[in-house]
Amino acid sequence: SLACNTAAATGHVIAIDTDTNLAGNALYIDAGAKTRTGDLILIKDDGAGNVSALEIDVTNTGSGDTIDIDVDSVHTGNEISVTYATDAATGDALALTMGTNLAGSAITLNGTGIRTDDLVKIDDDSTTNSPIFDINVTGNATGTAVFDVAFGATPTDMGLIKFTATTGAGSVPQILIDDAGEISVPRIDINASSASAASGNTLDITYSGAAHTGQAIDLNMGTNVAGHAIDITSAGTGTANKGNALNVDHSGILVANADVVRIAATGAISATSNALAISTIGDAGAYALYIDATGSAEGIRVDAGTVL
């Protein structure tokens, strides 16, 4: 037991110099194969100084780890545990400043084997108005995206990103893109470059359960008066019922005043404009507009306007 409580001491309580001892340990602690009831090393930092409770100055140029923890037992506790108790602390639990380390990663996680738990888990029941993840990129980044996910094998029962919303009325979007920048590239860019013929959908929306009333896709063009709401460029060689630029298959019963496709141009149309324009080039026997109405339905009906 050592105590320095008589005067304002400035020297070291314990000083160990291992300049010539290159193969031995400066400090070796053997906990013993017993059931311990006390901490093996305990540091009580109750001072008010702006100094660290544990400081490690590394000038080593080797590849050894500064702190190396090897777990070789069925250990159920945490290897590193940080718990804030009563006082309102303001410092970060873990602060990493990479500085001149331009080639190393700030955090590296390697998972292997048949895992039964999440590799990274966040449980947050707070009422904060701050994001869980806050990423601010102020440099002129020229590399890949902020998030880069690459699978070495084909995933069979998982998604790259999965959102599971609990019951209750949601008041905020699950994915929100708030971009005020003047960009000339897509905000969402999907490149399907599979070497084999993929049969999955690039974008799939399925409603199930209760009767939903919202739109599957809602486009509000606002001040975008030069761009199209939807622009489709198709160059495939279509076969029977395949390769359509736009395909609508509606099997539901239409009630009064319901339409499968509805175009309502409520603004004034100029003499050279059309509510629906069809331009095509075809061989003899092809039609720019083909209508197959069965039952008692009419092929086409014009209620108002001049028919030319």
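Computed from heavy atoms alone, side chains included, the values below leave out hydrogens, waters and symmetry copies. Keep in mind that this is a model prediction, so the values were computed, not measured.
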Any donor-acceptor N/O pair, N224 side chain to G227 backbone, under 3.5 Å: yes
Neighbour count above 12 (heavy atom, 6.0 Å) for I16 CD1: yes
Remaining members of the apolar cluster that contains F133, side-chain heavy atoms under 4.5 Å: I122, I132
Spacing of CD1 belonging to I291 relative to CD1 belonging to I300, to within rounding of 0.5 Å: 4.5 Å
Residues forming a ring pair (Phe, Tyr, Trp, His ring centres under 6.0 Å) with Y28, sequence neighbours excluded: none
Any donor-acceptor N/O pair, N274 side chain to L276 backbone, under 3.5 Å: no
Approximate separation, where rounding is to 0.5 Å, of I29 CD1 and L40 CG: 5.0 Å
Results of ring pair (Phe, Tyr, Trp, His ring centres under 6.0 Å) for H212 - residues two or more places apart only: Y207
N25 versus N21, closest heavy-atom pair with distance: O-ND2, 4.5 Å
Any residue meeting side chain to side chain donor-acceptor pair (under 3.5 Å) with D124, in chain and number order, not counting sequence neighbours: S126
D17 (side chain) donor-acceptor with D19 (main chain) under 3.5 angstrom: yes
CG/D87: more than 12 non-hydrogen atoms of other groups inside 6.0 Å: no
Approximate separation, where rounding is to 0.5 Å, of D45 CG and L54 CG: 10.5 Å
Heavy atoms of other groups near I80 CD1, more than 12 under 6.0 Å: no
I14 backbone acceptor or donor facing H12 side chain under 3.5 Å: no
Side-chain heavy-atom pair L102, M98 within 4.5 angstrom cut-off: no
Separation of N257 CG from R262 CZ (nearest 0.5 Å): 9.5 Å
Set of side chain to side chain donor-acceptor pair (under 3.5 Å) partners for N101, sequence neighbours left out: none
Validation row: D259, L254 side chains within 4.5 angstrom (heavy atoms): no
Exercise: identify the closest heavy-atom pair between A106 and L96: O-CD1, 3.6 Å
Residues that D65 engages under side chain to side chain donor-acceptor pair (under 3.5 Å), provided they are two or more places apart: none
Gap between atom CD of E79 and atom CD1 of I67 - 0.5 Å precision: 13.0 Å
